[in-house]
Amino acid sequence: MTSPNSTVIRNVRLSSAERNSETLAWDIACLDGRVQSVTSSGSCVHDDHQATLIDADGGVLIPSLCHSHIHLDKCFILGQCDPLITGSLSEALQVTNKAKAEFTKDLSNLYVRATRLIRESVESGVTAMRAFVEVDTTVEFACLDMGLQLANEWAEVCHIQIVAFAQEALHEFAASTEPGPNYNLLCNAVSRPGVSVVGSAPWVEPNRTHALKNVELILSLAEKHNLHADFHLDYNLDPDTSPMVWNVLQRMRQRPWCRSGGKRVTIGHATRLGLFSHEEWAELKHAMDMLPLEIVGLPQSDIYMMGRTDPSGKVSVPLAGRTLNAPQVYRDHGVRVALSVNNVENAFTPQGSLDPLTLASLGVALFQVGTELDWRVLLRSVSTTSKEAIGIMNEKTHGGSAEQGDGLVPLIGDPADFVIVHGARRWQSVVLSPGFERTTIYKGNVVARRWAQRWNANTGGKITN
């Protein structure tokens with residue numbers, strides 16, 4: 001028996017780990033936003049008059065995608081910025097701050113750019129995102145107000161977590177003993193309905209002492225307001241710099257909220273962890289088993305920003321060493337690392353697509369991984385693992401075998417959040433060469449379709465879809 005809230009997705013291929021699966025096509029029945037049944041195509045008769053039917057025409061169905069760390073307010077601003085020269089963090093901050101000073105003078109531009117980011121993300125298959133909006137003395141609450149408005153407007157299409165984010169230092173000076181006006185604004189911001197996360201970038205503080213205070217202040221705000229916490233942390237490749245993740249874990253252990261509150265602490269970038277020894281990874285894995293700590297790598301930003309380590313500005317770091325190697329970290333140490341699109345067309349990341357599947361493809365070459373097990377890790381990293389990182393999926397639900405437990409094959413009771421990649425005939429193609437044409441499904445409903453129109457002089461000059 002179906003209902004007006006039921007959907008049947010017909011004739012899809014699944015991301016089965018079995019190379020020689022006897023069943024090539026499947027039907028997925030969804031009821032009230034959950035998977036009701038998974039059957040071989042045509043073997044189950046549904047009430048077509050009441051169910052919404054989606055014919056996938058043999059396309060590959062995967063879990064919907066997730067931006068686990070994306071900046072909503074400073075996207076698509078390269079045309080409004082000074083020219084880039086060095087590609088350094090200091091330059092990116094300087095150039096972005098100059099552009100950011102203009103945000104409040106044209107709020108419609110801020111809204112249009114952010115709307116474009118959300119729309120194009122959904123069309124690529126994203127149904128969940130953690131969106132950072134900055135709060136400081138330059139923009140005050142302009143970015144936050146815009147983010148909260150868009151999260152509400154898109155609520156039926158995409159789950160958007162709004163992060164009240166302090167990109168600037170919470171302490172004004174190296175001699176400051178108390179946090180300054182940026183912190184006061186942040187305290188106001190996190191009390192607003194609709195804010196899900198509080199975040200900061202401790203590395204921008206005047207010194208390490210203040211950076212550690214930054215961590216403490218953010219965790220206190222998260223605990224007080226029952227929010228997730230998210231840090232831009234350990235964004236360096238200096239073996240002589242002690243990783244701050246250990247300090248974060250120490251402070252998490254001191255807070256019962258981190259054990260029983262149901263909220264998570266996430267660290268983004270975390271490039272310094274790529275220098276960890278096997279023993280350090282083992283220690284971190286043990287801590288992550290006990291505490292709700294998540295890690296998100298940001299390849300597009302990391303590759304661009306982490307190439308220069310010597311004062312001359314010469315590119316000196318190999319590509320694969322600039323960002324966390326998610327497949328290797330999982331394979332060797334059992335630690336799941338989410339991967340996310342981060343900045344889009346700004347001074348921190350001038351290049352790259354909004355499509356999370358392009359990160360999976362990039363990872364194949366960047367990390368030189370040729371096994372299907374590694375490809376599955378990459379596919380999870382931009383879908384289920386990213387959802388775990390922002391606290392909307394429990395990794396223990398999908399922690400078993402590759403076939404039934406890694407979350408890539410839908411199970412009865414799972415959220416009916418999918419993307420169909422049309423034209424693909426093998427799940428491997430979704431990682432290796434993801435197609436453009438897609439259908440995005442959220443809570444069992446089609447929320448976006450993306451189709452290509454083709455023209456070729458060698459086929460008679462006809463336009464085809």
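- Cation-pi geometry between Arg251 and Trp246 is not met at under 6.0 angstrom from the ring centre and within 45 degrees of the axis.
- Cys158 approaches Met129 most closely through the heavy-atom pair SG-CE, 4.0 Å.
- Between the side chains of His210 and Asn207, at least one donor N or O lies within less than 3.5 Å of an accepting N or O.
- In this structure the side chain of Thr52 never reaches within 4.5 angstrom of the side chain of Ser6, judged on heavy atoms.
- Of the inter-residue distances, the one linking Leu31 atom CG with Thr7 atom OG1 reads 9.0 Å to the nearest 0.5 angstrom.
- Looking only at atom types and distance, the side chain of Asp417 has no donor-acceptor partner in the side chain of Ser64 under 3.5 Å away.
- A donor and an acceptor atom, one from each side chain of Glu205 and Asn214, are located under 3.5 Å apart.
- When atom types are taken as modelled, the side chain of Thr440 and the backbone of Ser124 share no donor-acceptor pair closer than 3.5 angstrom.
- Contact annotation: the side chain of Val337 never approaches that of Val377 to less than 4.5 Å [non-hydrogen atoms, C-beta and beyond].
- Ion pairing between a basic and an acidic side chain is recognised when a charged N comes within 4.0 Å of a carboxylate O; Glu345 and Arg113 show no such pairing.
- Ring-plane geometry between Phe276 and Trp281 is classed as perpendicular, the angle between the planes exceeding 60 degrees on a 0 to 90 degree scale with a lower cut at 30.
- Taking the six-membered ring for Trp and the full ring otherwise, the centers of His171 and Tyr183 sit at least 6.0 Å from each other.
- Results of the side chain to side chain contact (heavy atoms under 4.5 Å, CB included) test with Val421 over Thr439, Val12, Leu61, Val430 single out Val430 as the only residue that passes.
- Expressed to the nearest 0.5 Å, how far CG of Leu249 lies from CD1 of Ile267 amounts to 8.0 Å.
- Side-chain atoms of Ser301 and Thr349 include a donor-acceptor pair closer than 3.5 Å.
- With 3.5 Å as the limit, one finds a donor-acceptor pair spanning the side chains of Ser220 and Arg255.
- You'll find the side chain of Val35 stays beyond 4.5 Å of the side chain of Leu411, heavy atoms only.
- Taking the side chain as every heavy atom from C-beta outward, Ser88 and Met305 never approach each other to under 4.5 Å.
- Distance alone, capped at 3.5 Å, places no donor-acceptor pair between the Arg10 side chain and the Ala56 backbone.
- Put simply, the side chain of Glu437 never gets that close to the backbone of Gly423: no donor and acceptor are under 3.5 Å apart.
- Looking at Tyr235, Phe348, Tyr304 one by one, the single match for ring pair (Phe, Tyr, Trp, His ring centres under 6.0 Å) with His269 turns out to be Tyr235.
- Although no hydrogens or angles enter the test, the distance criterion places a donor-acceptor pair under 3.5 Å between the side chain of Glu91 and the main chain of Thr86.
- For Phe132 and His232, the ring centers are positioned less than 6.0 Å apart.
- By the 6.0 Å contact criterion, CD on Gln254 is enclosed, its count of non-hydrogen atoms from other residues, nucleotides or ligands being greater than 12.
- Residues Glu123 and Arg450 are not paired through a salt bridge, judged by the lack of any N-O separation under 4.0 Å between the basic side chain and the carboxylate.
- In terms of heavy atoms, Ser121 sits closest to Leu354 at OG-CD2, 3.7 Å.
- Inspection of the Ser41 and Asp27 side chains reveals an N or O donor paired with an N or O acceptor under 3.5 Å.
- A donor-acceptor pair under 3.5 Å links the side-chain atoms of Asn182 to the main chain of Ala169, judged by distance alone.
- Counting only heavy atoms from C-beta outward, the side chains of Leu72 and Cys143 never approach each other to under 4.5 Å.
- Geometrically, Arg116 engages Phe76 in a cation-pi contact defined by less than 6.0 Å to the ring centre and at most 45° from the axis.
- Atom-to-atom distance recorded for Leu362:CG and Gln300:CD is 7.5 Å, nearest 0.5 angstrom.
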CA sep, side-chain torsions, deciding dist, call: Val447, Val122, side chain to side chain contact (heavy atoms under 4.5 Å, CB included):
CA-CA 8 Å; Val447 294; Val122 171; 4.1 Å; yes
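- The side-chain heavy atoms of Ile62 and Phe418, taken from C-beta on, include no pair separated by under 4.5 Å.
- What you find for Gly363 and Leu378 is that their closest heavy atoms are C-CD1, 3.9 Å.
- For Arg272 (side chain) and Thr241 (main-chain N/O), a donor-acceptor pair under 3.5 Å exists by modelled atom type.
- Under 4.0 Å is where a charged nitrogen must lie from a carboxylate oxygen, and between Asp230 and Arg130 at least one such pair does.
- Considering every non-hydrogen atom in both Gly334 and Lys285, the closest pair reads O-CE, 2.9 Å.
- Remark: side-chain polar atoms of Trp427 are paired, donor with acceptor, to backbone N or O of Ser16 under 3.5 angstrom.
- In this structure, CH2 on Trp375 lies 13.0 Å from OG on Ser15, to the nearest 0.5 angstrom.
- Lys100 and Asp136 are joined by a salt bridge, as a carboxylate oxygen and a charged side-chain nitrogen come within less than 4.0 angstrom of each other.
- Rounding to the nearest 0.5 Å places CZ of Arg259 at 8.5 Å from CE of Met290.
- Taking the centre and axis of the six-membered ring of Tyr330, the NZ or CZ atom of Arg380 falls inside the cone set by 45° and 6.0 Å.
- A salt bridge does not link Asp406 with Arg336: none of the charged nitrogens is closer than 4.0 Å to a carboxylate oxygen.
- In terms of heavy-atom proximity, Gln161 sits nearest to Ile390 at NE2-O, 2.8 Å.
- Using modelled atom types and a 3.5 Å distance limit, the side chains of Arg331 and Asn325 yield no donor-acceptor pair.
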Tell me, with the steps shown, if Ile441 and Ile9 meet side chain to side chain contact (heavy atoms under 4.5 Å, CB included).
CA-CA 10 Å; Ile441 299 167; Ile9 309 167; 3.5 Å; yes
Begin with the C-alpha distance, continue with both residues' side-chain angles, and end with the deciding distance and a verdict on side chain to side chain contact (heavy atoms under 4.5 Å, CB included) for Leu298 and Thr323.
CA-CA 7 Å; Leu298 307 168; Thr323 192; 5.8 Å; no
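- Annotation: His71 is in aromatic contact with Phe165 [ring centroid separation under 6.0 Å].
- Side-chain contact of Asp374 with Thr371: a donor-acceptor pair under 3.5 Å is present, judged by distance alone.
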Go through Gln167 and Val133 one step at a time and tell me if the side chain to side chain contact (heavy atoms under 4.5 Å, CB included) criterion holds.
CA-CA 9 Å; Gln167 173 69 77; Val133 290; over 6 Å; no
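- If you take CG on Asn152 and CD1 on Ile160, they are separated by 10.0 Å, rounding to the nearest 0.5 Å.
- Between Thr266 and Val197, every side-chain heavy-atom pair lies at or beyond the 4.5 Å cut-off.
- Checking side-chain atoms of Asn346 against main-chain N and O of Cys75 turns up no donor-acceptor pair under 3.5 Å.
- Side-chain N or O atoms of Glu283 include none that pairs as donor or acceptor with a backbone N or O of Glu279 at under 3.5 Å.
- Under a 3.5 Å cut-off, the side chain of Ser361 and the backbone N or O of Thr358 do not form any donor-acceptor pair.
- More than 12 non-hydrogen atoms from other residues, nucleotides or ligands lie less than 6.0 angstrom from CD of Glu216.
- Here the two rings, on His422 and Trp451, have centers that are under 6.0 Å apart.
- Taking 4.5 Å as the limit, some side-chain heavy atom of His67 sits within range of a side-chain heavy atom of Ser340.
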